[in-house]
Amino acid sequence: MMAALGQFTFALSTLAFTEMRRSSAFRHASNSRVGARPGLQYVGPGDETISLTGLLAPEFMGDRLAIERLRDMATKGSAYALVNGAGESFGAWVIESVDETGSIFIREGVARRTEFTLNLKRADDAQADPAGGSDGGEVWGDWWSGDDLDWWFS
């Protein structure tokens with residue numbers, strides 16, 4: 001496994017990235033001063049982004065439906081924990097965009113080679129989806145409708 005975004009794992013069997021570009025911004029407020037350069041005051045971290053680029057070639061590596069699974073995760077609008085294969089956590093991230101370029105098509109119009117770019121933006125860690133992007137399985141609702149001691153008297 002190269003990395004995981006929520007429950008989605010990046011690997012040769014699913015979707016492998018070849019480049020990871022990370023950018024961090026920092027905010028500084030500017031105050032004008034007479035006869036001097038503006039004074040700057042650090043006010044906190046700014047936007048942080050990660051771009052993952054890679055190649056999908058289903059005949060050799062990758063899953064043809066992997067990019068669609070990432071699009072489904074993006075449609076939910078949730079933030080997901082990003083962890084690399086060594087276990088280093090990068091915090092919570094939202095999917096801003098998924099770009100793909102297909103080439104070398106077979107006669108049915110399916111690309112044999114797809115280059116992709118996944119753009120992520122840092123979110124507050126408290127916004128991370130606790131299910132990690134999985135559907136959570138069957139919804140149980142209020143599964144217990146009996147009296148609290150019914151199990152004891154059975």
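Any value given below was found using the heavy atoms of this structure, including those in side chains, with hydrogens, waters and symmetry copies removed. Numbers here are sequence positions counted from 1.
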Distance-minimising heavy-atom pair for [X] and [Y]:
X: V94; Y: A123; answer: CG1-CB, 4.2 Å
X: L5; Y: M73; answer: O-CE, 3.4 Å
X: A92; Y: R122; answer: O-CD, 3.4 Å
X: I95; Y: L70; answer: CD1-O, 3.6 Å
X: V43; Y: A29; answer: CG1-CB, 3.9 Å
X: P58; Y: R112; answer: CD-O, 3.8 Å

State yes or no: do [X] and [Y] share one hydrophobic cluster built from I, L, V, M, F, W and Y residues joined by side-chain heavy-atom distances below 4.5 Å, directly or via other members?
X: M2; Y: I50; answer: yes
X: V98; Y: L56; answer: yes
X: L120; Y: F17; answer: yes
X: F90; Y: F10; answer: yes

Under 30°, 30 to 60°, or over 60°: which ring-plane class applies to Y42 and F26, parallel, tilted or perpendicular?
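The arrangement is tilted - the two ring planes meet at 30° to 60°.
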Are side-chain heavy atoms of [X] and [Y] found at a separation under 4.5 Å?
X: N31; Y: P38; answer: no
X: L118; Y: W93; answer: no
X: R69; Y: L15; answer: no
X: E115; Y: T53; answer: no

To the nearest 0.5 Å, what is the distance between [atom1] ([X]) and [atom2] ([Y])?
X: L55; Y: T101; atom1: CG; atom2: OG1; answer: 11.0 Å
X: E48; Y: S23; atom1: CD; atom2: OG; answer: 8.0 Å
X: L12; Y: D63; atom1: CG; atom2: CG; answer: 12.5 Å

Is atom [atom1] of [X] surrounded by more than 12 heavy atoms (other residues, nucleotides or ligands) closer than 6.0 Å?
X: R37; atom1: CZ; answer: no
X: R22; atom1: CZ; answer: yes
X: R71; atom1: CZ; answer: yes

Would you sort out whether M20 and N84 count as a side chain to side chain contact (heavy atoms under 4.5 Å, CB included), showing the intermediate values?
CA-CA 11 Å; M20 178 179 181; N84 69 12; over 6 Å; no
Give a yes or no on whether the backbone of T9 and the side-chain of T14 come within a donor-acceptor separation of less than 3.5 Å.
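Pair found, side chain donor or acceptor close to backbone of T9.
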Under a 3.5 Å threshold, yes or no: a donor from one side chain and an acceptor from the other, between N119 and S51?
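Yes, a side-chain donor-acceptor pair sits under 3.5 Å.
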